[in-house]
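For reference, the structure discussed in these notes is given below.
Keep in mind it's a predicted model, so treat the numbers as computed, not measured. Position 1 is the first residue of the sequence, and the numbers go up from there.
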Amino acid sequence: MVTTTYQVQGMTCGHCVSSVSAEVGAIPGVSDVQVDLASGQVTVTSESPLDTDTVRAAVDEAGYDLVGA
């Protein structure tokens, strides 16, 4: 298992957390997504390292911006 933390900008509420968790959690190989709303950090556990562009696309689909990994 691989755990990676990403920085996401624009999340302000529980709905934001749910949206990001659902989109990132739908990426093949992802087994867990933890979102820290206060810091904007999204910690993703996956079977193998994820392509940053794939994660960025999922975060974009949720309506937010991936600003760092």
Mind listing the closest non-hydrogen atom pair of E23 and A62 along with its distance? CG-CB, 3.8 Å
Residues which pass salt bridge (charged side-chain N to carboxylate O under 4.0 Å, His left out) with D51, listed by chain and number, not counting sequence neighbours: none
E47, CD atom: more than 12 neighbouring heavy atoms under 6.0 Å: no
Verify side chain to side chain contact (heavy atoms under 4.5 Å, CB included) between V55 and L66, making sure each step is shown before the conclusion. CA-CA 8 Å; V55 177; L66 181 68; 4.3 Å; yes
Within residues 55-69 or reaching into it, pairs that qualify as salt bridge (Lys or Arg N to Asp or Glu O under 4.0 Å) - sequence neighbours excluded: D53-R56
What's the separation between atom CE in M1 and atom OG in S31, rounded to the nearest 0.5 Å? 3.5 Å
Taking only distance into account, with no hydrogens and no angle test, what donor-acceptor pairs under 3.5 Å do side-chain atoms of residues 11-21 form with protein atoms, sequence neighbours excluded?
| from | atom 1 | to | atom 2 | distance (Å) |
| --- | --- | --- | --- | --- |
| S18 | OG | G14 | O | 3.2 |
| S19 | OG | H15 | O | 3.1 |
| S21 | OG | V17 | O | 2.8 |

Can you see whether D36 engages Q34 through a side-chain donor-acceptor pair at a distance of less than 3.5 angstrom? no
Nearest 0.5 Å please: distance from the OG1 atom of T43 over to the OH atom of Y6. 10.0 Å
Determine, step by step, whether V44 and V42 satisfy the side chain to side chain contact (heavy atoms under 4.5 Å, CB included) criterion, reporting the C-alpha distance in whole Å, the side-chain angles of both residues, the deciding distance to 0.1 Å, and the verdict. CA-CA 6 Å; V44 181; V42 178; 4.0 Å; yes
Mind running side chain to side chain contact (heavy atoms under 4.5 Å, CB included) on V2 and T45 for me, showing each step along the way? CA-CA 6 Å; V2 178; T45 304; over 6 Å; no
